[in-house]
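In the text below, chain A, chain B and the rest are named by the order of the sequence lines, each starting its count at 1. We use all heavy atoms of the structure for the numbers below, so side chains are in, but hydrogens, waters and symmetry mates are not.
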Number of protein chains: 2
Amino acid sequence: MALAKKKFRDPDETQRRILAAAKVEFAKNGLGGARVDVIAARANANKRMMYHYFGNKEALFKLVLENAYGDFRAAEAALALDKEEPVTALRKWVAFSWNYFIANPEFITLVNSENLHKARHIKNSKRMQEMSRPFVGRMETLLRRGAEAGLFRADLDAVQMNITLASVSYYYLTNRFTGTIVFERDLMSEAALKERLEFNIQSMLRIVCTPETLRKMEHA
Amino acid sequence: MALAKKKFRDPDETQRRILAAAKVEFAKNGLGGARVDVIAARANANKRMMYHYFGNKEALFKLVLENAYGDFRAAEAALALDKEEPVTALRKWVAFSWNYFIANPEFITLVNSENLHKARHIKNSKRMQEMSRPFVGRMETLLRRGAEAGLFRADLDAVQMNITLASVSYYYLTNRFTGTIVFERDLMSEAALKERLEFNIQSMLRIVCTPETLRKMEHA
DNA sequence: TCTTGAAATAACCAGATAGTTATTTATGCT
DNA sequence: AGCATAAATAACTATCTGGTTATTTCAAGA
């Protein structure tokens with residue numbers, strides 16, 4: 001196989017390492033708590049390289065956030081839910097966000113950190129808006145298809161649905177540490193995770209489906 | 001009226017001012033981004049006083065968080081939902097959390113900050129657990145009453161319901177800054193807030209009510 | 001009025017931290 | 001081979017920051 005000869009000078013690779021290290025550090029400590037020295041060390045790079053390639057700490061944060069958001073939306077698009085029957089598509093969508101948040105916990109903390117700062121880093125990000133549009137469109141399409149098939153309610157707003165779909169998974173996971181104390185229950189055991197996913201799927205179905213659809217599903 | 005003479009030395013008042021200032025600063029910048037100098041200045045107190053009364057920055061943070069949580073649960077208890085008819089009680093509960101999060105935005109950012117730190121400040125807080133128990137119990141009672149009246153589904157888990165009830169409001173509000181960009185829509189206009197609250201109430205009702213109950217409500 | 005302890009303050013310190021400067025080293029091109 | 005340029009490094013700096021020390025000020029009880 002074509003082994004890439006190890007290069008001593010490799011700008012692309014260095015930038016990649018810095019970005020990866022920054023993602024870990026920003027996710028773990030937030031923008032304010034993250035340390036550029038730690039990022040450089042973890043990247044096996046010199047701090048000066050970070051400033052050379054990315055400008056400053058906040059510009060690096062912005063890029064990390066945009067990339068994380070892009071990865072999430074790309075994974076979502078790859079689901080190809082347009083080809084699924086509406087009820088199945090909704091189930092898969094809920095399961096997808098749940099599993100993605102679990103597999104990529106940095107995503108949640110990065111988004112939280114950006115919201116703590118009132119989204120000032122991406123406020124004027126064209127890239128951010130462009131990455132979002134197809135995702136909003138997908139929910140509109142799904143709701144229309146479901147309604148036309150007589151399965152879904154006809155008056156649902158796609159934005160509200162997008163938000164609710166994310167919220168039931170995101171909130172559980174982002175607040176899992178205080179939640180464990182408040183509810184005196186292990187929210188992250190395998191059984192608990194499975195139970196929550198199933199609960200979320202049922203919740204979303206009850207929100208979108210007509211009472212008739214629900215009755216049929218429950219009698220099946 | 002009995003005007004309290006302004007005292008030059010007033011330990012209770014000084015502590016109160018420091019706590020209030022700390023709440024603002026921690027909420028705005030998170031634990032890592034908060035500055036003790038800023039807290040002292042905003043409290044019109046000396047930094048030394050903070051260390052004298054509260055020990056250190058993290059102990060102060062813990063107390064601020066516990067107080068914020070206590071305030072929230074106290075307000076919730078004051079609703080006296082036990083006396084309401086189940087469907088009304090659920091509506092009022094959803095509206096309460098929604099309005100509380102809007103009126104007390106620090107609550108959300110404080111909880112987020114604590115979760116970023118894996119809840120290490122309240123991990124062994126007896127006070128935190130004690131404040132939580134009645135709240136979990138309230139949902140159990142409500143669900144039982146609703147089920148006995150034939151209004152609610154009989155198989156609902158109180159913890160899942162508590163989490164979901166909070167999530168649909170909390171997520172919308174905590175992520176309102178990135179949300180505004182992602183959805184290219186003002187999520188905080190008066191109309192948008194009203195719409196979201198109504199959507200959340202309907203969502204919760206659809207999750208808990210039996211299909212028969214829903215049908216009756218929709219035909220009314 | 002005098003004494004005593006708590007409340008309050010200001011100045012300070014050591015370590016941390018984002019960002020820079022000056023310099024060296026590898027790589028691709030001719 | 002040698003040159004020009006980009007990549008990489010280490011050492012440095014000004015400022016910030018949580019926490020402390022030394023000291024002063026006030027208020028209440030005897």
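The closest side-chain heavy-atom distance from B/R133 to B/R138 is not below 4.5 Å.
Taking atom CG on B/D37 and atom P on C/dC12, their separation rounds to 15 Å, with Å as the unit. Rounded to an integer number of Å, the gap from CZ of A/F54 to P of D/dA8 is 11 Å. Atom-to-atom, CZ of A/R16 to C1' of D/dA7 comes out at 17 Å; the value is rounded to the nearest Å. As a whole-Å value, the separation of B/Q15 CD from C/dA8 C1' is 13 Å. One can place CE of A/M50 at 15 Å from P of D/dA8, the figure rounded to the nearest angstrom. Nucleotide C/dT17 holds its P atom 17 Å from the CG atom of A/N56, rounded to whole Å. Atom CG in A/N44 sits about 13 Å away from atom C1' in D/dA8, given to the nearest Å. Straight-line distance from the CG atom of B/N46 to the P atom of D/dA22: 16 Å, rounded to whole Å.
Using a cutoff of 4.0 Å between basic side-chain nitrogens and carboxylate oxygens, A/D157 and B/R185 are scored as salt-bridged.
Phosphate contact (OP1/OP2 of D/dA7, side-chain N/O of A/Y53, threshold under 4.0 Å): present. Look at A/T14 and you won't find any side-chain N or O under 4.0 angstrom from OP1 or OP2 of D/dA7. Neither OP1 nor OP2 of C/dA8 sits under 4.0 Å from any side-chain N or O of B/H52. The shortest distance between the side-chain N/O atoms of B/Y51 and the OP1/OP2 oxygens of D/dT21 is not below 4.0 Å.
Under 3.5 Å, the side chain of B/K47 and the base of D/dG19 form at least one donor-acceptor pair of N or O atoms. Scanning atom types as modelled, no donor and acceptor separated by under 3.5 angstrom connect the side chain of A/R48 and the base of C/dT20.
Judged purely by atom type and a 3.5 angstrom limit, B/T88 has no side-chain atom pairing as donor or acceptor with the backbone of B/E84.
Note: B/T109 OG1 to A/N112 CG = 11.0 Å, rounded to the nearest 0.5 Å.
Relative to the ring axis of A/F135, A/R73 places its NZ or CZ within 45° and under 6.0 Å from the centre.
Applying a 4.0 Å cut-off to non-hydrogen atoms, none of the residues of residues 26-36 of chain A approaches DNA chain D.
For the residue pair B/Y100/B/D71, the side-chain donor-acceptor check at 3.5 Å is not satisfied. Defined by atom type and a distance below 3.5 Å, a donor-acceptor pair is present between the side-chain atoms of A/N115 and B/T178.
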